[in-house]
Amino acid sequence: MRDQQTAPDLPQTLLDWYDAHARAMPWRVPPADRRAGVAPDPYRVWLSEVMLQQTTVAAVRDYFHRFTARWPTVGDLAAAADADVMGEWAGLGYYARARNLLKCARIVARDHGGAFPADHAALLTLPGIGPYTAAAISSIAFDLPHAVLDGNVERVMARLHDIHTPLPEAKPHLMARAEALTPSERPGDYAQAVMDLGATICTPKSPACGICPWRDPCAARLAGTAADLPRKTPKKPKPVRRGIVYLGRRSDGAWLLETRPEKGLLGGMLGWPGTDWTEAGPQTEAPPHPADWQPHAGEVRHTFTHFHLILSLRVATLPEGTRPQRGHFVEPDEFRPSDLPTVMRKAFDLVR
DNA sequence: CATCCGTGGTC
DNA sequence: TGACCAAGGAT
């Protein structure tokens, strides 16, 4: 027992809070189990972190269960067919993540004996693993003292130190603060604790400062600026683009779809053939095959990261034996609407 | 450093 | 209802 009580340091205060409040997640080893010696599975840590990039825990949960049930190890995933992985990822967004996920799994299986390297620099070289994810795997899976800097930590650091410099300019400064706080003891639990704090207490709007474990040392709370931080440089407005998609159905029920190019929007995903999507709108029709294409009442409205989209629809029935000029037919028993990215699924839902 | 890249929930 | 926001990475 200490004979003189001193104020606990910040990391320890947060770890104590995490021991009592860590939320259960399918990919997480609870702090009690972890302290008892249970090690996380690096494959599950990696998979969850890639899925969680710019994506909420609620959205990821079911996808994580389906992926780990279907591909229990990185070797299983490495051996999967591209179309199966893209289809399983459909709806989660940012499809470059799925392409890089597969590339990464195959590199780990082929060059690393099926084991993720316990090395931050080596992780950084893998596809789809950037500064955040390399630090997350290093700390959470291997308990190496690397600082994670995601949107949560940026917000927590900006408030804790009352930093008013706007993002992204403030990012290096926030990273330096995050690194200075990262402890050598339990860095994995600490990393998850800071992110939990940002997700549940130090939230973007109406932060729950009253129950925050860092309430006393928080400079922004003292200054009354917490809810206004972090500052961000304003974003550009989103233009509206328009296009046409063609939903062709063969008389036996097969749908005419195409696999989109690897690079660019919805890269590698299944979709309806159509025109380019431009602000000027389509100047001419672009059917994938000659047919009696009929306009469909109603339009698809969808918002991507950097533009709004309004899609007009055309529908037609194609005779059996059609050799499409563009795309390929997907047999009725092989067609799963859930394999489509959301904008394409919206078009299907409107027409079926 | 700026741009591109999805989606669903929230207020 | 529309803008913001989420455990970012690649180019």
Side-chain angles (χ1 to χ4, degrees), chain A residues 23 25-28 44-64 86 89-101 103-104 123-141 146-156 166-169 171-172 175 178 188 190-200 202-207 227 230-241 260-269 271 277 301-309 338 340-346:
Chain A
R23 291 182 306 167
M25 297 185 196
W27 47 84
R28 172 175 287 176
R44 295 167 66 89
V45 173
W46 163 73
L47 179 61
S48 66
E49 289 300 339
V50 173
M51 288 182 166
L52 286 164
Q53 290 167 5
Q54 295 290 286
T55 309
T56 59
V57 169
V60 163
R61 193 169 260 118
D62 288 348
Y63 283 86
F64 180 82
M86 300 309 289
W89 195 277
L92 198 53
Y94 284 130
Y95 298 100
R97 292 185 297 172
R99 301 195 301 273
N100 286 327
L101 189 83
K103 288 182 190 170
C104 182
L123 289 166
L124 255 184
T125 69
L126 294 169
I129 297 183
Y132 164 77
T133 306
I137 299 173
S138 297
S139 58
I140 298 172
H146 288 273
V148 293
L149 188 68
D150 69 337
N152 288 309
V153 182
E154 287 175 352
R155 187 171 55 255
V156 170
L167 288 167
E169 182 186 347
K171 199 162 179 175
M175 180 53 127
Y190 174 81
Q192 295 175 92
V194 192
M195 293 190 284
D196 268 20
L197 185 71
T200 63
C202 196
T203 50
K205 297 171 183 174
S206 313
R231 294 181 52 193
K232 297 188 178 182
T233 55
K235 297 171 183 176
K236 289 172 51 179
K238 297 178 181 180
V240 177
R241 296 186 191 173
R260 298 172 61 87
E262 280 293 305
K263 291 178 183 281
L265 190 74
L266 308 178
M269 297 299 292
W277 302 342
R301 290 175 178 272
H302 191 76
T303 299
F304 291 96
T305 313
H306 52 294
F307 66 92
H308 301 287
L309 177 65
S338 63
L340 298 173
T342 298
V343 65
M344 300 297 177
R345 190 177 45 70
K346 284 182 179 177

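Just so it is clear, the structure is predicted and the values come from calculations on it, not from any experiment. Quick note on labels: first sequence line is chain A, next is B, and so on, each numbered from 1.
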Inset, instruction - In whole angstrom, give the distance that lies between atom CG of A:Leu101 and atom P of C:dA10. - result: 12 Å
Legend entry - Nucleotide C:dC4, atom P - distance to NZ of A:Lys232 in whole Å: 10 Å
Inset, instruction - For A:Ser206, enumerate each residue passing the side-chain contact (heavy atoms from CB on, under 4.5 Å) test, keeping only those at least two apart in sequence or located in another chain. - result: none
Inset, instruction - Determine: side-chain N/O of A:Lys236 to OP1/OP2 of B:dT3, distance under 4.0 Å, yes or no. - result: yes
Legend entry - Length of the NZ-P vector between A:Lys171 and C:dG8, whole Å: 9 Å
Inset, instruction - Only counting residues at least two apart or in another chain, list the ones meeting side-chain contact (heavy atoms from CB on, under 4.5 Å) with A:Ser138. - result: A:His120, A:Leu123, A:Leu144, A:His146
Legend entry - Distance in angstrom units between A:Leu124 CG and C:dG9 P, rounded: 9 Å
Inset, instruction - Let me have a per-nucleotide readout for nucleotides 5-11 of chain B, 5' to 3', with B, S or -, counting only protein heavy atoms under 4.0 Å. - result: BBBS---
Legend entry - Spacing of A:Arg260 atom CZ relative to B:dC4 atom C1', expressed in whole Å: 14 Å
Inset, instruction - Output all residues satisfying salt bridge (Lys or Arg N to Asp or Glu O under 4.0 Å) with A:Lys238, sequence neighbours left out; order by chain, then residue number. - result: none
Legend entry - A:Asn100 CG to C:dG9 P, straight-line distance once rounded to whole Å: 11 Å
Inset, instruction - Starting from the C-alpha separation in whole Å, work towards a yes-or-no answer on side chain to side chain donor-acceptor pair (under 3.5 Å) for A:Tyr132 and A:Glu49. - result: CA-CA 9 Å; A:Tyr132 164 77; A:Glu49 289 300 339; 2.7 Å; yes
Legend entry - All salt bridge (Lys or Arg N to Asp or Glu O under 4.0 Å) counterparts of A:Arg97, not counting sequence neighbours: none
Legend entry - Lys/Arg N to Asp/Glu carboxylate O, A:Asp150 vs A:Arg155, below 4.0 Å: no
Inset, instruction - Looking at every strand, decide which applies to A:Met269 at a 4.0 Å heavy-atom threshold: base, sugar-phosphate, or nothing. - result: nothing
Inset, instruction - Kindly write out the residues that satisfy salt bridge (Lys or Arg N to Asp or Glu O under 4.0 Å) with A:Glu169, not counting sequence neighbours, or none if the list is empty. - result: none
Inset, instruction - Select from A:Gly198 and A:Lys263 the residue whose nearest nucleotide in DNA chain C is closer to the 5' end of that strand. - result: A:Gly198
Legend entry - Span that lies between the P atom of B:dC5 and that of C:dG2, in whole angstrom: 23 Å
Legend entry - DNA chain C: 5'-proximal contact among A:Leu126 and A:Ser48 (nearest heavy atom): A:Ser48
Inset, instruction - To the nearest Å, give me how far apart NE2 (A:His308) and P (C:dG2) are. - result: 8 Å
Legend entry - Distance, rounded to the nearest Å, where A:Arg23 contributes CZ and C:dA6 contributes P: 14 Å
